[in-house]
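Below: one structure, written as structure tokens.
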Amino acid sequence: MPAEEFVAGWISGALGLVLGHPFDTVKVRLQTQTTYRGIVDCMVKTYRHESLLGFFKGMSFPIASISVVNSVLFGVYSNALLALTATSHQERRAQPPSYTHVFIAGCTGGFLQAYCLAPFDLIKVRLQNQTEPRAKPGSPPPRYRGPIHCAASIFQAEGPRGLFRGAWALTLRDTPTLGIYFVTYEWLCRQFTPDGQNPSSGTVLVAGGFAGIISWVAATPLDVIKSRMQMAGLKQRAYGGLLDCIVSSARQEGLGVFFRGLTINSARAFPVNAITFLSYEYLLLSWG
């Protein structure tokens, strides 16, 4: 049933989120702050200053929201394929869709996911960039006390549009790269699976992992711009728009800035997406 795709997407998204959030926190900080010399330096400073809890800042909100957005991605993708090919998930191994259809369905899911994700991702990034240690008696409170306070503060200070800061960069990041994501996954599954059969767990893990890496290689430049625009107006200058952010970043820090966080994105992408696809396929197979 179409609804099962959304439920499976939510559960698999939640599992992937818990596994990948510490890596995501380090990635966001490397992209938006200049106080770290690299991945290890960021991890060491975060641990020393904020303990292990520092790596999980901003996670409670994504568990309740971004996991739902992940269900939009997988649900829309599968239902778009159903509309394009008239074949259900269970029938697609016997009648595999064309890669063009897979790409179009993935882009559709990515576009709608980005539209739903924008405010939640903004709040996550703002919370992840709070480097204060856990509150102690007499110490000044952090700018945001939690996700609800963060959302209310942004709304009050920046208006409704403030909650969608960086949304265009997010949409440009997710629309094509999620098409690439699903095409890579489908192609790898077909290479190592006999015709008409379901891929093995090992194949799903490897295909999902590499799909995650390849899509993040394509996504990282716009991911950097997206994160910077989301943080604009706080500790750094506000950008006049997407193009201004690209030009200013390149002029001040060189073209290498657009690949900041690529290493940790790739390291995070393999296990997160391997688990996401394995749980997604397992749930649909068990329900089918």
Side-chain angles (χ1 to χ4, degrees), residues 1-21 24 56 58-97 101-121 123-124 147 170-171 174-175 177-179 181-186 188-189 193 197-209 211-212 215 268-288:
M1 292 176 61
E4 292 175 348
E5 312 281 353
F6 289 91
V7 176
W10 186 91
I11 296 172
S12 61
L15 291 172
L17 180 67
V18 172
L19 180 63
H21 194 82
D24 188 61
F56 292 91
M59 192 179 79
S60 60
F61 198 48
I63 284 290
S65 56
I66 295 176
S67 298
V68 176
V69 173
N70 197 75
S71 79
V72 171
L73 169 63
F74 279 89
V76 170
Y77 165 74
S78 190
N79 283 278
L81 264 187
L82 179 62
L84 289 167
T85 65
T87 55
S88 66
H89 184 84
Q90 289 75 15
E91 298 168 330
R92 283 175 203 145
R93 295 307 169 194
Q95 305 173 52
H101 285 155
V102 171
F103 181 75
I104 292 171
C107 288
T108 303
F111 178 82
L112 291 175
Q113 175 194 251
Y115 181 81
C116 299
L117 178 62
F120 303 130
D121 191 64
I123 292 165
K124 174 185 74 71
L170 180 64
T171 302
D174 283 359
T175 301
T177 55
L178 284 164
Y181 177 66
F182 284 108
V183 167
T184 304
Y185 173 74
E186 281 294 323
L188 287 170
C189 280
T193 305
Q197 295 186 22
N198 290 317
S200 66
S201 296
T203 297
V204 170
L205 284 169
V206 171
S215 63
R268 174 186 66 136
F270 192 95
V272 167
N273 290 283
I275 293 300
T276 296
F277 268 110
L278 183 65
S279 55
Y280 177 75
E281 294 281 5
Y282 173 80
L283 288 168
L284 289 182
L285 189 63
S286 63
W287 291 339

Using a 4.5 Å cut-off on heavy atoms from C-beta on, say whether the side chain of [Y] contacts that of [X].
| X | Y | answer |
| --- | --- | --- |
| Asp24 | Arg268 | yes |
| Glu186 | Val183 | no |
| Ile11 | Tyr282 | no |
| Leu178 | Ser215 | no |

Partner residues of Thr203 under the side-chain hydrogen bond (donor to acceptor under 3.5 Å, both in side chains) criterion, sequence neighbours left out: Ser200
Which residues share a side-chain hydrogen bond (donor to acceptor under 3.5 Å, both in side chains) with Ser78, sequence neighbours left out: Glu5, Arg92
Under 3.5 Å, sequence neighbours excluded: what are the donor-acceptor pairs made by side chains of residues 108-119?
residue : atom : partner : partner atom : Å
Thr108  : OG1  : Ile104  : O            : 2.8
Gln113  : NE2  : Asp174  : OD2          : 3.1

Between [X] and [Y], what is the shortest heavy-atom contact and its length?
| X | Y | answer |
| --- | --- | --- |
| Leu205 | Leu278 | CD2-CD2, 3.7 Å |
| Thr87 | Gln95 | CG2-OE1, 3.7 Å |
| Val204 | Pro199 | CG2-CG, 3.7 Å |

For Phe103, ring-ring contact (aromatic ring centres under 6.0 Å, His included) partners two or more places apart: none
ring-ring contact (aromatic ring centres under 6.0 Å, His included) partners for Tyr280, two or more places apart: Phe74, His89
Residue pairs, two or more places apart or on separate chains, that pass salt bridge (Lys or Arg N to Asp or Glu O under 4.0 Å) and touch residues 275-285: Arg93-Glu281
Side chains of Tyr185 and Asn273, donor plus acceptor under 3.5 Å: no
Pairwise distance OG1(Thr276) to CG(Leu15) - rounded to 0.5 angstrom: 7.5 Å
